[in-house]
Peer 1: 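So that we are looking at the same thing, I have put the structure below in structure tokens.
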Amino acid sequence: METEDYMRMIEEELLPHITLKAEDLFEPIEVINDSDSWKLLGNGNYAAVFFHKSKPEWVVKVYGRNLHEIKQEIEVYNKIGEHEAFSKLYAYGENYLVLKRLRGITLFNAVIKGIPIPESVIRDIDGALRYAKSVGLNPYDVHGKNVVMYGGRGYVVDISDFYKLGYCSKWDDLKKAYRWIYKPLLYRLHPPIPFIILDSVRKGYRKFKRFKTNWGNRYINKETKM
């Protein structure tokens, strides 16, 4: 299938038949999919990903909010080029990207299902993030829901925030939890962890990070006024 035909299918058979609701900034958008031929693969805080059975090795990422940021994501993919741990940009439209599909299970879901996460996955992601830095990008917002593993290898499925400045500790925090909690307590026998427990940990972590950031900003402002 030619890229032009694929994009025509997106414009005619996908976009008119989906609704993306972005009500909570910190939770995944809600997706209503009335298309008969396009299937929802996943949804994040500002976009949803779909695939068509005629081209299962490609996916379409449709923005539900922050549409202005699609230009930054395009630039990020242009800088990444071709690397085994990242997707690849094939084409784009006003509010969507056509990307190479990365198969696998997220680290978040692997913990829920009791599937062991080998250290090779962590090493792969570390190497991928070093590569991203080498081409002038800043690995940002890398966490258990946008990292997948497949066949013992690790892949980063969302690099949309790699244009942002500053330090993001999420991946370093995840590695600490992996080394100090996951490996010694869960890895060998690895019982399934109920979603409600892991999701509560995720939400608690996000609240803690926001509190820490806000407290730090207030302290800096107080020091500045003195």
Side-chain angles (χ1 to χ4, degrees), residues 28 41-47 49 51 56-61 69-92 97-188 190 193 198 201-202 205-206 209:
L41 189 61
N43 54 309
N45 286 2
Y46 61 90
V49 179
F51 75 96
E57 68 273 24
W58 288 7
V59 295
V60 182
K61 180 177 181 178
E69 294 185 359
I70 194 170
K71 293 181 179 179
Q72 282 94 343
E73 186 166 2
I74 292 169
E75 181 61 27
V76 167
Y77 273 107
N78 287 336
K79 287 186 177 181
I80 283 289
E82 294 194 32
H83 187 281
E84 59 185 1
F86 297 109
S87 183
K88 178 182 178 181
L89 178 66
Y90 293 118
Y92 57 88
L97 306 176
V98 179
L99 303 167
K100 180 180 74 173
R101 182 177 180 178
L102 295 177
R103 298 182 181 272
I105 183 171
T106 66
L107 303 194
F108 184 86
N109 285 334
V111 174
I112 290 175
K113 295 178 179 295
I115 301 173
I117 302 170
E119 288 193 29
S120 58
V121 172
I122 306 300
R123 290 195 299 269
D124 282 346
I125 302 305
D126 278 341
L129 301 187
R130 286 194 298 270
Y131 168 79
K133 291 179 181 179
S134 75
V135 296
L137 296 171
N138 181 35
Y140 203 97
D141 199 34
V142 180
H143 52 77
K145 279 194 167 185
N146 62 23
V147 169
V148 303
M149 64 178 189
Y150 185 77
R153 304 303 303 271
Y155 305 88
V156 184
V157 297
D158 186 1
I159 60 175
S160 58
D161 289 328
F162 279 29
Y163 72 92
K164 293 183 177 180
L165 302 177
Y167 168 65
C168 178
S169 67
K170 290 181 181 179
W171 178 246
D172 288 336
D173 291 342
L174 186 149
K175 287 196 296 180
K176 291 176 183 176
Y178 180 87
R179 288 166 181 158
W180 293 102
I181 300 174
Y182 183 86
K183 280 300 292 291
L185 300 179
L186 296 176
Y187 181 75
R188 184 165 295 181
H190 204 330
I193 306 297
L198 196 60
V201 171
R202 178 187 70 86
Y205 171 81
R206 298 190 75 157
K209 297 295 287 187

Peer 1: May I have all residue pairs that pass ring pair (Phe, Tyr, Trp, His ring centres under 6.0 Å) and include part of residues 97-131, sequence neighbours excluded?
Peer 2: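 Of all non-adjacent pairs touching residues 97-131, those that pass ring pair (Phe, Tyr, Trp, His ring centres under 6.0 Å) are H83-Y131.
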Peer 1: How about E57: does its CD atom have over 12 heavy atoms from other parts shown lying under 6.0 Å from it?
Peer 2: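 Above 12, so yes.
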Peer 1: How many angstroms lie between CZ in R130 and NZ in K133, if you round to the nearest 0.5 Å?
Peer 2: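 Result: 9.0 Å between the selected atoms.
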Peer 1: Which residues pass the side-chain contact (heavy atoms from CB on, under 4.5 Å) test with I70, not counting sequence neighbours?
Peer 2: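 Only Y63, I74, L97 meet the side-chain contact (heavy atoms from CB on, under 4.5 Å) criterion with I70.
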Peer 1: Using the side-chain hydrogen bond (donor to acceptor under 3.5 Å, both in side chains) criterion, which residues pair with N45? Sequence neighbours excluded.
Peer 2: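 With neighbours one apart ignored, the set is empty.
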Peer 1: Who are the ring pair (Phe, Tyr, Trp, His ring centres under 6.0 Å) partners of Y90, not counting sequence neighbours?
Peer 2: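 Per chain and number, Y90 pairs via ring pair (Phe, Tyr, Trp, His ring centres under 6.0 Å) with W58.
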Peer 1: Do NZ/NE/NH1/NH2 and the carboxylate oxygens of D161 and K164 come within less than 4.0 Å?
Peer 2: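 The answer is yes: the pair qualifies as a salt bridge.
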Peer 1: Less than 4.5 Å apart, side chain to side chain, heavy atoms only: is that true for L41 and V59?
Peer 2: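 Answer yes - side chains close enough.
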Peer 1: If you look at every heavy atom in C168 and D141, which pair is closest and at what distance?
Peer 2: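 Shortest heavy-atom separation between C168 and D141 comes out as SG-N, 3.3 Å.
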Peer 1: Just jot down the ring pair (Phe, Tyr, Trp, His ring centres under 6.0 Å) partners of Y178, sequence neighbours excluded, or say none.
Peer 2: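 Y178: ring pair (Phe, Tyr, Trp, His ring centres under 6.0 Å) contacts with Y182.
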Peer 1: Decide if atom OH of Y187 counts as having more than 12 heavy atoms of other residues, nucleotides or ligands within a radius under 6.0 Å.
Peer 2: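 Result for OH/Y187: enclosed.
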Peer 1: How many angstroms lie between atom NZ of K145 and atom CG of D158, to the nearest 0.5 angstrom?
Peer 2: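 Going from NZ on K145 over to CG on D158, the span is 12.5 Å.
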Peer 1: Determine whether Y167 and D172 satisfy the following criterion, side-chain hydrogen bond (donor to acceptor under 3.5 Å, both in side chains), listing intermediate values before the conclusion.
Peer 2: CA-CA 10 Å; Y167 168 65; D172 288 336; 2.7 Å; yes
Peer 1: For A91, check side-chain contact (heavy atoms from CB on, under 4.5 Å) against everything at least two apart and list the hits.
Peer 2: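 By the side-chain contact (heavy atoms from CB on, under 4.5 Å) rule, A91 matches T3, M7, V98.
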Peer 1: I'd like to check the side-chain contact (heavy atoms from CB on, under 4.5 Å) partners of A132; sequence neighbours left out, ordered by chain and number.
Peer 2: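 Here the qualifying residues are I80, F86, L137, P139, F162.
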Peer 1: Among residues at least two apart in sequence or on other chains, which ones pass side-chain contact (heavy atoms from CB on, under 4.5 Å) with S87?
Peer 2: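 Per chain and number, S87 pairs via side-chain contact (heavy atoms from CB on, under 4.5 Å) with Y77, L99, K100, L102.
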Peer 1: Only counting residues at least two apart or in another chain, list the ones meeting side-chain hydrogen bond (donor to acceptor under 3.5 Å, both in side chains) with N146.
Peer 2: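 Residues passing side-chain hydrogen bond (donor to acceptor under 3.5 Å, both in side chains) with N146: H143.
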Peer 1: Apply side chain to side chain contact (heavy atoms under 4.5 Å, CB included) to residues V148 and L107 and explain how you reach the verdict.
Peer 2: CA-CA 6 Å; V148 303; L107 303 194; over 6 Å; no
Peer 1: Not counting sequence neighbours, which residues clear salt bridge (Lys or Arg N to Asp or Glu O under 4.0 Å) with K71? List them please.
Peer 2: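 Listed in chain order: nothing, the list is empty.
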Peer 1: Would you name the heavy atoms of A110 and M149 that are closest together and state the gap between them?
Peer 2: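 In this case the closest contact between A110 and M149 is CB-CE, 3.8 Å.
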Peer 1: Give every residue pair that meets the side-chain hydrogen bond (donor to acceptor under 3.5 Å, both in side chains) criterion with at least one member in residues 102-115, sequence neighbours excluded.
Peer 2: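 Listed once each, the pairs are T106-N109.
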Peer 1: Using distance only, find each side-chain donor-acceptor pair of residues 115-126 under 3.5 Å and give its atom names and separation, not counting sequence neighbours.
Peer 2:
from, atom 1, to, atom 2, distance (Å)
E119, OE2, K183, NZ, 2.4
S120, OG, G152, O, 2.6
D124, OD1, R153, NH2, 3.2
D124, OD2, R153, NE, 2.6
D124, OD2, G154, N, 3.0
D126, OD1, W171, NE1, 2.8
D126, OD1, K175, NZ, 3.0
D126, OD2, K175, NZ, 3.4

